[in-house]
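To start, the structure itself, in structure tokens.
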There are 2 protein chains.
Amino acid sequence: MMKHNHDEILNVVRNELPPDELLCDLSDLFKIFGDTTRMKILFSLFESELCVCAIAELLGMAQPAISHQLRVLKNNKLVDCRREGKTIYYFLADDHVRSIIGQGFDHLTEERMMKNDKKI
Amino acid sequence: MMKHNHDEILNVVRNELPPDELLCDLSDLFKIFGDTTRMKILFSLFESELCVCAIAELLGMAQPAISHQLRVLKNNKLVDCRREGKTIYYFLADDHVRSIIGQGFDHLTEERMMKNDKKI
DNA sequence: TCATCATATGCACCTCCATTCATATGTATG
DNA sequence: CATACATATGAATGGAGGTGCATATGATGA
């Protein structure tokens, strides 16, 4: 018997597949959202701009940990900051943040509704 | 001098912040998209359902690696599968997948347009 | 029921990264 | 210019997860 062949469909798919670099950048972007601490920071900033020590207090974490994560978020243009004396306030840089997280939220809630349906 | 106080705003933010469990689940969901291999698999399935060995061939990776990642995707309801003889075909389970990735895509391209503007 | 193909699973290794600790930078005030 | 506060940075550590290898499961056909 011969191993089954799928060259035709593979050629189609291969042509439509974006370049590796783009796919890497895209997964790198989602990697940012794939951490609880960063997700909490972003949700906090939904409400209001906040200084570093306020976020640290809110999440019950050490200040350097927050600073490291804020740097990641800033490097990826998800947040920006402004200085006011000694204090530095961080805020959301982009409305895509809200819509990306919103889509994820929808998927989660829909998934749970389906689970509940099956239970009934 | 006294350390600066931000209790008022923190109380507001704290009340609006979703429960920890939800924020964990949400970042866990985005973690799925935060891997190049899984991103490639999802993009491939945009075009057509595919069997495991076709995906492995397309990505130039070993079959068990693909199986492991397909399991992750399936456990999180992002893909589903059907059997046809010995072959198992995987396909996208949810249109949220397209819209979540689409939002990420928009953020990337917008970010790049801004970089180009600054260069000019 | 034996051999072959398609896929799944278990385990070990290795890399990546989030956090911590210590310390540096920056800013106002006295 | 010395001190205190706010934040950033660097190095080290510990844990999570992606991949490869070996092997198990499952299905088909002779």
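Note on naming: letters A, B, ... go to the chains in the order of the sequence lines (proteins, then strands), and numbering restarts at 1 for each one.
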| Would you say Asn15(B)'s side chain and Asn11(B)'s backbone share a donor-acceptor pair under 3.5 angstrom? | yes

| message | So, taking the atom named NZ in Lys31(A) and the one named SG in Cys24(A), what distance separates them when rounded to the nearest 0.5 Å? | response | 8.0 Å

| For Lys86(B) and dG26(D), what is the distance between atoms NZ and P respectively, to the nearest whole Å? | 16 Å

| task | Calculate the interatomic distance between His68(B) atom NE2 and dT9(C) atom P; express it in whole Å. | result | 9 Å

| task | Take the protein atom CD1 of Ile66(A) and the nucleotide atom C1' of dC17(C), then report the distance between them rounded to whole Å. | result | 16 Å

| message | Just to be sure I understand the rule, does Ala65(A) reach a base, reach only the sugar-phosphate, or reach nothing, if contact means heavy atoms closer than 4.0 Å? | response | base

| query | Taking only side-chain nitrogens and oxygens of Arg71(A), does any of them come within less than 4.0 Å of OP1 or OP2 of dT9(D)? | reply | yes

| task | Figure out the NZ/P separation between Lys74(A) and dT7(D), and round it to whole Å. | result | 14 Å

| task | Describe the nucleic acid contact of Thr87(B) in one word from base, sugar-phosphate, nothing, applying a heavy-atom distance below 4.0 Å. | result | sugar-phosphate

| task | With the side chain of Arg38(A) defined as its heavy atoms from C-beta on, choose the nearest nucleotide among dA8(C), dA18(C), dG18(D). | result | dA18(C)

| field | Side chain of Lys31(B) (C-beta onward), nearest among dA18(C), dG17(D), dG18(D) | value | dG17(D)

| task | Mind calculating the distance between CG (Asn75(A)) and C1' (dA8(D)) to the nearest angstrom? | result | 13 Å

| 5' priority, DNA chain D, between Tyr90(A) and Ala62(B) [closest heavy atom] | Tyr90(A)

| query | Rounded to the Å, how far apart are Glu84(B) CD and dT28(D) P? | reply | 11 Å

| said: Without decimals, in angstroms, what is the distance between Arg83(B) CZ and dA27(D) C1'? | reply: 6 Å

| request: Could you check how far CD1 of Ile41(B) sits from P of dG18(D), rounded to whole Å? | output: 11 Å

| message | Main chain of Gln69(B), side chain of Arg38(B): is a donor-acceptor contact present, judged purely on distance under 3.5 Å? | response | no

| request: Spell out, as yes or no, whether a donor-acceptor pair under 3.5 Å connects the side chain of Asn76(A) to the backbone of Leu78(A). | output: no

| query | Taking atom types as they are modelled, is there a donor-acceptor pair under 3.5 Å from the base of dA6(C) to the side chain of Gln63(B)? | reply | no

| Is Thr37(A) near enough to dT19(C) that one of its side-chain N or O atoms lies under 4.0 angstrom from OP1 or OP2? | yes

| query | Backbone N or O of Gly85(B) within a donor-acceptor pair of the Arg83(B) side chain at under 3.5 Å? | reply | yes

